[in-house]
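The structure appears below as structure tokens.
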Amino acid sequence: VTPWVNGGLSDGKEATSFEAPDSVIPWIQQKYVGVKKIVITGFSAGGQMINRWAIMSEQGANGTTISGLPLTIVVGSPSSIVYLTPERPARKCSKIRKTPPSHWCDDFRVPRRKDKLSASTCGKKWNDYQYGTKKVFSGKRGQINRAVGKYVRDEEEIHGHDVNTGAELSMELRHRLATKDVRFLFGKFDYLSCKRGSCSADCGANAQGRNRLQRGLNYMGHLKRVLPNYEPRYGLYEAGHYHFAAYSSSQFGEWVWNLPVHEAFPRLRGVANDEGQGVEDRKDRLYSLHECEVICVGTEGCKSFAYNANAGACHLKDMCITPDTPVKPSGQDDGYFTFYRPCTATGQVEGEPVVSQDSWSKESVSYQFTARVVKEEGNPLKGYSDRKRSVGECEALCDDDPKCKSFAFGYGQCFMKDTCVTEYSEVVSEHADVAGFKAYGGGVEVVFGDAGGRLGLGRPV
């Protein structure tokens, strides 16, 4: 992972990880001539890679791709980050504690051995690349630096810039990054100390902060300090280090889709008297309410769950709950409440078509479905996300398009596809993040890699 995260060469030694998005961007523009905007994002280790790519690549300058198409870059919960100057947060900004969302650092110092207020010098390596821009052009640290150094030189030469030293590179990168549409997404509860193995505990990483949230918020202060008139754009999602919660958050939805993707569950005044059967219990760590809602949406059979904010566990249930469902008497399960997905009179979650236990069936909708989503999606045609639509409306829209053989559906949105599947199409693992979703087909190939979660439907063949 280390070479890939830092811009190193692929296993085949033919391309760097930075060249991958550089190549994908023009391919998308050529393949989908009607595309109006591109969003590049990565989470955790992917967030580290995207942060470094966003800094080093020519793509994104002035908020656009090189050819002029709007480009937004979303960096999700990275473990470590590239600083643009040798300064690091003062020790007071990096205390080992549960970092509050309001944390902010405006005291940055160049680490010095005798300065007890500054971060560690890490043997004079605190600013070496992957944590800073020093030694990007040096081959002493091996293949990664040589690959990234060559990538940067090639980029600068192609675009007519003369950058030969780390100082010149740092200046050029600061000027360029200030014009890019880069946004950051951090978990409000992603404050577990990196000493416990939850993130990088290298000296260079610890010089940036002691947990992911702290490092991210410290970095916002750094950007504001070193980029004149720059206002960092960042958001917090209601969870710890959980990609599904990040990508289904209202903040991500607003940035990328221009609408909130996550909808909060209604709550009873206590625990439902009849909770139904247990679907799954998540109690290996403290879960936020938002995380439990996201997990329930993505877990097959989950229609409600019991939750206590102090216990932080998700107890998923299969019972369809309504606002007038009776609750247990006071004194039983105190502190717990039942949260639920609104159901229809037939016991079906609102907005979801009826699903049988058969892996390939044809009930209630004219399109067929598999037990879980299939792996291949095909090419996108037209999307309908301006308002909520029913499955029947989406079927009619697909029927009216001669090229449409399937469509993705979820949250009342339709995304038409041009590819067919059959009942023998391979589906994702039951342990996959999207295993709770269904692919509807009989001639459809559909994949659901996004946290918003879409159902795929297609014409019978």
Side-chain angles (χ1 to χ4, degrees), residues 4-8 15-42 46-76 78 81-85 129-134 136-137 145 147-185 216 219-235 252 255-256 258:
W4 173 80
V5 163
N6 295 306
T16 69
S17 59
F18 291 168
E19 291 172 309
D22 283 348
S23 300
V24 168
I25 288 171
W27 177 84
I28 289 174
Q29 294 178 256
Q30 294 172 8
K31 180 77 172 178
Y32 306 105
V33 294
V35 69
K36 297 179 180 179
K37 176 183 178 180
I38 294 177
V39 177
I40 300 288
T41 184
Q48 293 185 60
M49 180 266 178
I50 291 300
N51 164 250
R52 295 179 174 103
W53 169 79
I55 290 172
M56 299 294 176
S57 176
E58 291 277 353
Q59 293 283 4
N62 299 311
T64 70
T65 64
I66 292 172
S67 62
L69 190 69
L71 174 63
T72 294
I73 301 166
V74 181
V75 180
I81 314 164
V82 170
Y83 271 64
L84 301 171
T85 67
Y129 184 78
Q130 61 194 2
Y131 304 117
T133 57
K134 188 178 179 182
V136 168
F137 297 122
N145 284 54
V148 174
K150 182 180 183 303
Y151 169 84
V152 171
R153 279 205 174 95
D154 289 347
E155 286 279 289
E156 302 304 322
E157 288 176 4
I158 290 172
H159 299 283
H161 301 141
D162 186 16
V163 175
N164 296 299
T165 67
E168 291 175 343
L169 174 65
S170 178
M171 182 66 72
E172 171 64 25
L173 296 181
R174 291 202 300 272
H175 287 317
R176 188 192 307 160
L177 185 64
T179 72
K180 295 189 178 186
D181 182 10
V182 181
R183 311 178 190 199
F184 296 82
L185 200 55
Y219 192 62
M220 298 300 96
H222 165 71
L223 293 180
K224 187 173 179 64
R225 178 183 178 88
V226 302
L227 302 179
N229 302 316
Y230 182 81
E231 194 63 40
R233 300 190 67 175
Y234 69 96
F252 186 78
W255 286 347
V256 177
N258 297 318

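It should be emphasised that the depicted structure is a prediction, and the values quoted were computed from it without experimental measurement.
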Residues in side chain to side chain contact (heavy atoms under 4.5 Å, CB included) with D181, at least two apart? T72, R183, R233
With S23, which residues qualify under side chain to side chain contact (heavy atoms under 4.5 Å, CB included), at least two apart? none
Atom CD in Q48, atom CH2 in W4: separation rounded to 0.5 Å? 9.0 Å
Output the distance between atom CD (E19) and atom OG (S57), rounded to the nearest 0.5 Å. 10.0 Å
Heavy-atom pair with the smallest gap, counting every atom of T85 and R174: CG2-NH1, 3.7 Å
Taking the side chain as everything from C-beta on, heavy atoms only, tell me whether W53 gets closer than 4.5 Å to I73. yes
Is there a donor-acceptor pair under 3.5 Å between the side chain of R176 and the backbone N or O of M56? yes
If you look at every heavy atom in P26 and Q59, which pair is closest and at what distance? CD-NE2, 4.4 Å
Separation between CD1 (I66) and CD1 (I25), nearest 0.5 Å, reads 8.0 Å
Atom pair CG/CG of L173 and L227 - distance to nearest 0.5 Å: 10.5 Å
Please round to the nearest 0.5 Å and tell me the distance separating atom CD1 of I28 and atom CD1 of I40. 6.0 Å
Under the 3.5 angstrom rule, does the side chain of T16 hit a backbone N or O of A147 as a donor-acceptor pair? no
Between K180 and I55, is there a donor-acceptor pair closer than 3.5 Å when you use the side chain of the first and the backbone of the second? no
Mind checking side chain to side chain contact (heavy atoms under 4.5 Å, CB included) for P232 and listing every partner two or more places apart, or none if nothing turns up? M220, L223, K224, Y230
Should the ring pair Y32 and W27 be called parallel, tilted or perpendicular, given that the plane angle runs from 0 to 90° and is split at 30 and 60? perpendicular
Short side-chain to backbone donor-acceptor contact, R52 and Q130, under 3.5 Å: yes
Side-chain heavy-atom pair V39, W255 within 4.5 angstrom cut-off: no
To the closest 0.5 Å, what do you measure between OG1 (T64) and CG (L69)? 8.0 Å
Considering all heavy atoms of both residues, which atom of A54 and which atom of V182 are nearest to each other, and what is their separation? CB-CG2, 4.3 Å
4.5 Å side-chain heavy-atom contact, N6 and V148: no
Do I38 and Q29 have side-chain heavy atoms sitting under 4.5 Å apart? yes
Check whether any side-chain N or O of Y219 sits under 3.5 Å from a backbone N or O of V82 as a donor-acceptor pair, and report yes or no. yes
So V256 and K37, do their side chains get closer than 4.5 Å, heavy atoms only? no
Please step through side-chain contact (heavy atoms from CB on, under 4.5 Å) for the pair Y83 and V226, ending with a clear verdict. CA-CA 10 Å; Y83 271 64; V226 302; over 6 Å; no
